[in-house]
Amino acid sequence: MSKLSVLILVISTLFLSQSLSLADSKGDKSTVPPLVQAARKQIGVTLSYDPSYRSIPYPNGDVPVETGVCTDVVIRALRTLGLDLQKLIHEDMRKNFSKYPKIWGLKKPDKNIDHRRVPNISCWMKRQHWSLPISKNPSDYKAGDIVTWNLSSGVPHIGIVSDKKNGQCPLIIHNIGAGTQEEDCLFEFTLTGHYRPIIKKY
């Protein structure tokens, strides 16, 4: 190999290395799961937490985007992938009401609120075979997974696993009271569910 060829090879390698470093520092959006991208877009948009019961349109109903609860982060993100939990859960509850939790004393489905309750979403995801084992190993949780917890108060909570990490532990995109945030809290509460969405035509 001539000296000129070697020089060209060295320059090309350095240029490629620098390009990869820049891509890494900026973050390659193509490697970020769409569910994570959709959840992250809610940060700075959904700024508050409001658990009030509201009558909303059906299907694809939503409360004002500047507010909501933890479940609304997941609902809004999944809708960008073509899954409307309001419709999917309502239809499944109409056919299989006895399979769902009776925590609220309902006698029949309520399309305004059923999909906004963590236990109902968990039940539906289990019925779709999205469930994975709960573990203490952070590497078991992949970007785009959905996790549920019981908070110290016993209140159920839900969030989406981010592609960003604090060391080895992935961050969580969720709304726990101050709007949609991306935080290091995967193991901060008692995990009750681990789910990996199977995106298909329902």
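Residues take their numbers from the sequence shown, with the count starting at 1.
Here OG1 of Thr46 is found 13.5 Å from NZ of Lys41. Values are rounded to the nearest 0.5 Å. Annotation: the span from Arg196 atom CZ to Ile146 atom CD1 amounts to 11.0 Å, rounded to 0.5 Å. Here Tyr141 contributes atom OH and Gln168 contributes atom CD; the two are 15.0 Å apart, rounded to the nearest 0.5 Å. The OG atom of Ser162 sits 4.5 Å away from atom CZ of Arg40, with the distance rounded to the nearest 0.5 Å.
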Is there a side chain to side chain contact (heavy atoms under 4.5 Å, CB included) between Trp149 and Leu191? Walk through the geometry before answering. CA-CA 4 Å; Trp149 304 263; Leu191 282 161; 3.3 Å; yes
Please step through side chain to side chain contact (heavy atoms under 4.5 Å, CB included) for the pair Arg116 and Asp72, ending with a clear verdict. CA-CA 7 Å; Arg116 301 183 68 213; Asp72 292 311; 2.7 Å; yes
Between Asn60 and Arg79, is a side chain to side chain contact (heavy atoms under 4.5 Å, CB included) present by the stated rule, with each step listed? CA-CA 8 Å; Asn60 289 307; Arg79 276 186 175 148; 3.6 Å; yes
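Screening Val147, Val73, Asp145 against Ile172 for a side chain to side chain contact (heavy atoms under 4.5 Å, CB included) leaves a single residue, Val147. Checked options Tyr58, Trp124, Tyr100; the residue passing with His90 is Tyr58 (criterion: ring-ring contact (aromatic ring centres under 6.0 Å, His included)).
The shortest heavy-atom contact between His115 and Ile121 is O-CD1, 3.2 Å. Looking at every heavy atom in both residues, Ala143 comes nearest to Val36 through C-CG2, 4.0 Å. The two residues Asn150 and Phe189 make their nearest non-hydrogen contact at O-CB, 3.7 Å. Heavy-atom minimum distance, Asn120 versus Pro101: OD1-CD, 3.5 Å. Residues Thr148 and Ser122 come closest through the heavy atom pair CG2-OG, 3.5 Å. In this structure, Pro156 and Pro119 approach most closely via the heavy-atom pair CG-CD, 4.1 Å.
Both Ile160 and Tyr195 are assigned to one and the same hydrophobic cluster, defined by single-linkage of ILVMFWY side chains at heavy-atom distances under 4.5 Å. Linking ILVMFWY residues whenever their side-chain heavy atoms come closer than 4.5 Å, directly or via other members, leaves Ile158 and Val69 in distinct clusters. Placement of Ile56 and Tyr49 in two distinct hydrophobic clusters is found when ILVMFWY residues are connected by side-chain heavy-atom separations under 4.5 Å, directly or transitively. Follow the hydrophobic side-chain contacts under 4.5 Å out from Ile43 and you never reach Val63; the two are in separate clusters. Cluster membership for Ile75 and Val45, using ILVMFWY side-chain heavy atoms within less than 4.5 angstrom, is not shared.
Under 3.5 Å, the side chains of Arg76 and Thr180 contain no donor-acceptor pair of N or O atoms.
For Leu81, the side chain to side chain contact (heavy atoms under 4.5 Å, CB included) partners at least two apart in sequence or on another chain are Pro34, Leu35, Ile199. Scanning for salt bridge (Lys or Arg N to Asp or Glu O under 4.0 Å) contacts around Asp114 gives an empty result, with sequence neighbours left out. Listed by chain and residue number, Met93, Lys102, Leu106, Pro109 satisfy the side chain to side chain contact (heavy atoms under 4.5 Å, CB included) test with Phe97 (two or more places apart in sequence, or in another chain). In this view, Lys111 satisfies the salt bridge (Lys or Arg N to Asp or Glu O under 4.0 Å) rule with no residue, not counting sequence neighbours.
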Distance-only donor-acceptor hits, side chain of residues 125-132, under 3.5 Å, sequence neighbours excluded:
from: Arg127; atom 1: NE; to: Asp92; atom 2: OD2; distance (Å): 2.7
from: Arg127; atom 1: NH2; to: Asp92; atom 2: OD1; distance (Å): 3.2
from: Trp130; atom 1: NE1; to: Tyr202; atom 2: OH; distance (Å): 3.4

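With contacts defined as side-chain heavy-atom distances shorter than 4.5 Å, the pair Asp140/Pro133 does not qualify. Inter-residue side-chain proximity for Tyr53 and Asp110 is flagged as met; some heavy-atom pair is nearer than 4.5 Å.
Between the side chain of Gln42 and the backbone N or O of Ile173 there is no donor-acceptor pair closer than 3.5 Å. Between the Asp184 side chain and the Lys165 main chain, no donor and acceptor come within less than 3.5 Å of each other. A donor-acceptor pair under 3.5 Å links the side-chain atoms of Gln37 to the main chain of Val32, judged by distance alone.
Through ILVMFWY side-chain contacts below 4.5 Å, Leu171 is grouped with nothing and stands alone.
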